[in-house]
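Have a look at the structure below before the remarks.
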Amino acid sequence: MPEKIENLVRQALAAAQEAGALPPFELDDCGIERPADTDHGEWTSTCALRSAKLAHTAPRAIAQAIADHLPADPAIDRVEIAGPGFINFYLSVAAKNAVFAQVRAEGFDFARSNVGAGQLCQVEFVSANPVGPMHVGHGRWAALGDSLCRVMEHAGYRIEREFYINDHGSQMDVFGRSLSVRYLQLIALMRERGIDLAAAHAVLEEDRGNYADDEDGAHPELHPFQDAFNETLGGNAYGGGYIIDEAAHIVEVDGDRWESVPEEERVAAFRESGYRRMLEDIRTTCADANCTFDVWFSERTLYERDETGTNAVERAFEALREMGYLYEREGALWFRSTDLGDDKDRVLVKANGEYTYFASDVAYHWNKFQRVEHVIDIWGADHHGYIKRVECVCDALGYPGRFEVLLGQLVNLLRSGKPVRMSKRRGTMITFRELLDEVGADATRYTLIRRSSNQMIDFDIDAVKERSNDNPVYYVQYAHARICSILRRVAGVTADQAEALGMDEVARRAVGADADLALLTDSTELALARKLGELTELIASCARDRAPFRLTHYAEELAGLFHAFYHDCQVLPSEGRPLDAELSRARLAACDAVRIALALVLSLVGVSAPQQM
RNA sequence: GCGGCAUUAGCUCAGCUGGAUAGAGCGUUUGACUACGAAUCAAAAGGUCGUAGGUUCGAAUCCUACAUGCCGCACCA
């Protein structure tokens, strides 16, 4: 429709200039917009305001000249000049309501667009280290990344979802060593005290709890195991309770057979088995949050040598070296990122010969651009300072403007308004898994996606758990379920039968063919049509701006308009309240279109659309 | 010190490339089912858009400075 209006405006402008009513000037943008106020019509053009200076003519005069020369069109009821020079277009009822039929015909293909123009875009997100469970921040990136991917796909991008596994750095060894120490502690406890695994596990847990409570270290006798653990690992340890759980798992499966093998061998074995289990935990947690990936990219592969005897990191360094971006100083290898606008140069290989994390990222991002046209990385806001150097690498390697970072601000967990203390020492971290289990995947995801990504989230666990209308996710789902219930009733099927048939078939039976949409003239009905008509542009803009959170606001508005409509307009005849059969069918068609749009938006958000609640 | 994000109603936040009288939810107050799902709807009250300048037909939106809060500024990952 906006294209059509634009076309008409251009024709009218040309005709007005031809007739001498307006001086000749070029108009680059007709400014076709939706007025905020419904009294101002369905569409408006601000072209008269924009071109006043170019035309040396008052905006209202320009608007009048254009309106006078507009070609007649059956879809347009009337045109009015308003305010400083807006040209407002009022559509016919038939044109306004056509969207109901369109939604029903297109189903989940409704509101597709091609703003992505088929561009192959990789979105990398979550990428939690495989040495522990996902935290709530990771959950936010999961919701944000997955929803963004869905929206961009609907808007014509080709999307690849990628998870980067940091399985190479020294944290992997720390992880293995932490497991090893806990394992030996468990074995020793069982043997020396003659207790079983569960009891030994409990001893270590209590010891760890005592350590957490003893913040000033006044009672070392209460936590000898935690102190020994910290001492053995030189302060470089993973102290979380899950490490004890994992060590206990090894004891359970393998008994004490690792006690006698050389330490390095044991650490390596635990590191690898623990890594696989942690990664599996992350994978299933993401899946339970309705979030999946196409590619799980292992950092280690960047260090595997190919037939030429080199690896991806070395090849990336070589490419940078040839372009003169590398140099050595004080025994380290540096990337001259200041040439590309960074504050300081960055180390790739440390003086002790180890690679930095950044070294991997150089090779990794080079690798990405060999696979896709555009890259979006979703990072936590605390990684803000890292953007510039990666951007410099992408520029240096010849891919300027094709690398993009979406920063997500952090999540504050609350319980009934009071902040939940997140302390590593105290071990009071709430994991994303625990959050999902406690409040449910739908409410969790909806709440995490509802805010703009650069807005901090206060996630009140008790409020989000509440199954009430305080909670927008249930408000939206309720509207969907309510419509499904109406359609089932008319089609004469039970909820179970509807599940089996699918709601599209139920709706077909309920509405029948060719409902007369021109009968829908109530203000609440027209408001629904107008809202449905906004969805295509909304999804396009969410994709363009990488802002899927706007979908939730739309869903709430649409659900609200539906509830208002349902309150004002009788849909089904009932005892003592007869209703024209054709009007009933038309209203059912409108309900069905809303049902489809709600389900579509919820699916883009990654939340279910239940048929009953 | 440098950089990023934030600052809009009592609270939590929308406000898309500058557009017409700045919106929603919650909370408060008051109403609406012998009709289809009341997990619903309707109405009222509530704002010098952090401050001060600037840009123009027009600014919550763009520019500059300042203030306040959060987060970063490693040869850690």
Side-chain angles (χ1 to χ4, degrees), chain A residues 29 31 33 35-37 39-40 44 46 49-50 52-53 58-59 82-86 88 129 131 166 168-172 174 236 299 329-334 343-344 346-358 360-361 380-388 407 409-410 412 417 450-458 460 463 466-472 474-475 477-479 481-486 489-490 524 537-538 540-542 544-545 547 549-550 552-553 556-557 559-560 562-577 579 584 587 591 612-613:
Chain A
D29 186 352
E33 298 166 14
D37 188 335
D39 289 343
H40 294 135
T44 191
T46 56
L49 297 161
R50 291 161 188 266
K53 192 174 272 182
F86 295 99
N88 294 335
N129 284 346
V131 295
N166 299 126
H168 181 262
S170 57
Q171 88 277 2
M172 293 301 291
V174 173
N236 200 2
E299 182 182 4
R329 193 179 76 203
E330 294 158 9
L333 181 67
W334 296 72
D343 299 339
K344 52 180 103 165
R346 306 292 173 177
V347 172
L348 292 166
V349 182
K350 300 184 246 179
N352 66 7
E354 287 175 12
Y355 288 77
T356 61
Y357 183 74
F358 182 51
S360 295
D361 260 340
D382 51 344
H383 285 65
H384 151 73
Y386 204 75
I387 297 176
K388 189 67 192 177
L407 284 183
Q409 296 293 322
L410 305 177
N412 295 320
R450 192 159 179 257
R451 293 271 177 264
S452 156
S453 60
N454 47 22
Q455 188 78 241
M456 266 193 319
I457 294 180
D458 285 332
D460 193 315
E466 191 86 9
R467 293 184 71 84
S468 74
N469 58 352
D470 283 4
N471 201 340
Y474 296 124
Y475 179 81
Q477 288 184 326
Y478 176 72
R482 199 178 191 187
I483 297 171
C484 290
S485 166
I486 297 161
R489 170 187 277 256
V490 179
T524 59
E537 175 51 31
L538 175 78
S541 83
C542 288
R544 233 188 335 252
D545 301 340
F549 78 95
R550 285 186 207 138
T552 61
H553 299 291
E556 289 158 35
E557 287 160 10
F562 172 75
H563 288 310
F565 151 76
Y566 195 70
H567 189 265
D568 287 0
C569 297
Q570 185 183 2
V571 175
L572 304 181
S574 62
E575 213 170 322
R577 295 251 314 178
L579 181 68
S584 175
R587 286 179 171 165
C591 289
Q612 55 183 330
M613 293 173 73

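The sequence lines fix the lettering, A, B, ..., with proteins before strands; numbering per chain opens at 1.
- Taking atom CZ of residue A:Arg346 and atom C1' of nucleotide B:rC73, one finds them 8 Å apart after rounding to whole Å.
- Within the shown strands, nothing qualifies as a pairing partner of B:rU55 under the Watson-Crick or G-U definition with both distances less than 3.5 Å.
- Residue A:His383 contributes atom NE2, which lies 21 Å from atom P of B:rC70 at whole-angstrom precision.
- Comparing B:rA20, B:rU40, B:rA14 by their closest approach to the side chain of A:Tyr475 singles out B:rU40.
- Across all their heavy atoms, A:Val571 and A:Ser584 have their closest contact at O-OG, 2.7 Å.
- Relative to the side chain of A:Tyr474, the nucleotides B:rA77, B:rG37, B:rA39 differ in distance, and B:rA39 lies closest.
- For A:Tyr566 and B:rG37, the shortest distance from a side-chain N or O to OP1 or OP2 is below 4.0 Å.
- When Watson-Crick and G-U wobble pairs are counted only if both distances are under 3.5 Å, B:rG1 pairs with B:rC73.
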What are the atom names and distances for every N/O pair under 3.5 Å that joins the protein to nucleotides 7-12 of chain B?
residue, atom, partner, partner atom, Å
B:rU12, O2', A:Arg451, NH2, 2.8

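- Rounded to whole angstrom, the span from the CD atom of A:Glu33 across to the P atom of B:rG15 amounts to 16 Å.
- Each of A:Ala381 and A:Ala564 was matched to the nucleotide of RNA chain B holding its nearest heavy atom; the match closer to the 5' end belongs to A:Ala564.
- Residue-level contact check: A:Asp382 touches the backbone only, with heavy atoms under 4.0 Å from sugar-phosphate atoms and none from bases.
- Base-pair partner of B:rG27: not found among the strands shown (Watson-Crick or G-U wobble, both distances under 3.5 Å).
- Considering only side-chain atoms of A:Trp334, the nucleotide from B:rC71, B:rC75, B:rU40 that sits closest is B:rC75.
- Under a 4.0 Å N-O distance rule, the pair A:Arg544/A:Glu537 qualifies as a salt bridge.
- Across all strands shown, A:Ser452 has heavy atoms under 4.0 Å from sugar-phosphate atoms exclusively, and none from any base.
- When atom types are taken as modelled, the side chain of A:Arg450 and the backbone of A:Thr552 share no donor-acceptor pair closer than 3.5 angstrom.
- Counting to the nearest Å, the P atom of B:rA39 and the CD atom of A:Gln612 are 15 Å from each other.
- Side chain of A:Ala332, nearest nucleotide from B:rA38, B:rC75, B:rC16: B:rC75.
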Verdict with reasoning, A:Arg346 to A:Trp334, per side-chain contact (heavy atoms from CB on, under 4.5 Å): CA-CA 6 Å; A:Arg346 306 292 173 177; A:Trp334 296 72; 5.8 Å; no
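- Nucleic acid contact for A:Ala481: base, since at least one base atom lies under 4.0 Å from a heavy atom of the residue.
- The structure places NE2 of A:His563 at 8.0 Å from CD1 of A:Ile483, a figure rounded to the nearest 0.5 Å.
- Across all strands, A:Thr356 comes closer than 4.0 Å only to sugar-phosphate atoms, never to a base (heavy-atom distances).
- Across all strands shown, A:Asn88 has heavy atoms under 4.0 Å from base atoms, whether or not it also approaches the sugar-phosphate.
- Both thresholds, 5.5 Å between centres and 30° between ring planes, are not jointly met by A:Phe86 relative to the base of B:rG19, so the two rings are not stacked.
- Considering only side-chain N and O atoms, A:Arg450 lies nowhere under 4.0 angstrom from the phosphate OP1 or OP2 of B:rA14.
- The listed nucleotides are B:rA77, B:rC73, B:rA20; the one nearest the side chain of A:Gln171 is B:rA77.
- Counting any heavy atom pair closer than 4.0 Å across all strands shown, A:Lys388 reaches no nucleic acid atom.
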N/O-N/O pairs, protein side and nucleotides 55-61 of chain B side, under 3.5 Å:
residue, atom, partner, partner atom, Å
B:rC57, OP1, A:Lys53, NZ, 3.1

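- Checking side-chain atoms of A:Thr356 against main-chain N and O of A:Leu348 turns up a donor-acceptor pair under 3.5 Å.
- In this entry B:rA35 has no Watson-Crick or G-U wobble partner, no candidate having both defining distances under 3.5 Å.
- Considering CZ of A:Arg587 and CG of A:Leu572, their distance stands at 10.5 Å, rounded to 0.5 Å.
- Going from atom CD of A:Glu330 over to atom P of B:rA74 covers 15 Å, rounded to whole Å.
- The side chain of A:Ser170 lies closest to B:rA77 when the candidates are B:rG4, B:rA77, B:rG19.
- Phosphate proximity of B:rA6 to A:Asn454: present, with a side-chain N or O under 4.0 Å from OP1 or OP2.
- Candidate nucleotides B:rA20, B:rG37, B:rC75 were compared by shortest atom distance to the side chain of A:His40, and B:rA20 ranks first.
- Considering every non-hydrogen atom in both A:Phe565 and A:Cys591, the closest pair reads CE2-SG, 3.7 Å.
- A donor-acceptor contact shorter than 3.5 Å links the side chain of A:Asn352 to the backbone of A:Glu354.
- B:rG46 and B:rC71 have their P atoms separated by 37 Å, given to the nearest Å.
- Distance check: A:Cys484 SG to A:Arg489 CZ gives 14.5 Å after rounding to the nearest 0.5 Å.
- Between the side chain of A:Gln171 and the backbone N or O of A:Val131 there is no donor-acceptor pair closer than 3.5 Å.
- Not less than 6.0 angstrom separates the ring centroid of A:Tyr357 from the ring centroid of A:His168.
- Note: CZ (A:Phe562) to P (B:rA39) measures 14 Å, nearest angstrom.
- Rounded to a whole Å, the NZ atom of A:Lys344 is 11 Å from the C1' atom of B:rG3.
- Judged by closest nucleotide on RNA chain B, A:Gln409 is the one of A:Ala559 and A:Gln409 placed further toward the 5' end.
- Atom CD of A:Gln455 sits about 12.5 Å away from atom CG of A:Leu410, to the nearest 0.5 Å.
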Find every protein N or O atom lying less than 3.5 Å from an N or O atom of nucleotides 33-35 of chain B, and list the pairs.
residue, atom, partner, partner atom, Å
B:rA35, N1, A:Arg577, NH1, 3.4
B:rA35, N1, A:Arg577, NH2, 2.8
B:rA35, N3, A:Arg577, NE, 3.4
B:rA35, N3, A:Arg577, NH2, 2.8

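- Nucleic acid contact for A:Ala82: base, since at least one base atom lies under 4.0 Å from a heavy atom of the residue.
- When heavy atoms are screened at a 4.0 angstrom cut-off, A:Glu354 is found touching no nucleic acid atom at all.
- The nearest whole Å value for the distance from the CZ atom in A:Arg482 to the C1' atom in B:rA38 is 8 Å.
- Within the 4.0 angstrom heavy-atom criterion, base atoms lie near A:Pro35.
- Going from atom CG of A:Asp460 over to atom CG of A:Asn412 covers 11.0 Å, rounded to the nearest 0.5 Å.
- At a cut-off of 3.5 angstrom, counting only N and O atoms as typed in the model, there is no donor on one side facing an acceptor on the other between the side-chain of A:Glu537 and the base of B:rC16.
- Taking atom C1' in both B:rA67 and B:rG31, the straight-line distance is 45 Å, to the nearest Å.
- Each of B:rC36, B:rA77, B:rA14 was ranked by its minimum atom distance to the side chain of A:Arg489; first place goes to B:rC36.
- Note that CE of A:Met613 and OG of A:Ser485 are 12.5 Å apart. Values are rounded to the nearest 0.5 Å.
- Applying the Watson-Crick and G-U wobble criteria (two distances, each under 3.5 Å), B:rC49 pairs with nothing in any strand.
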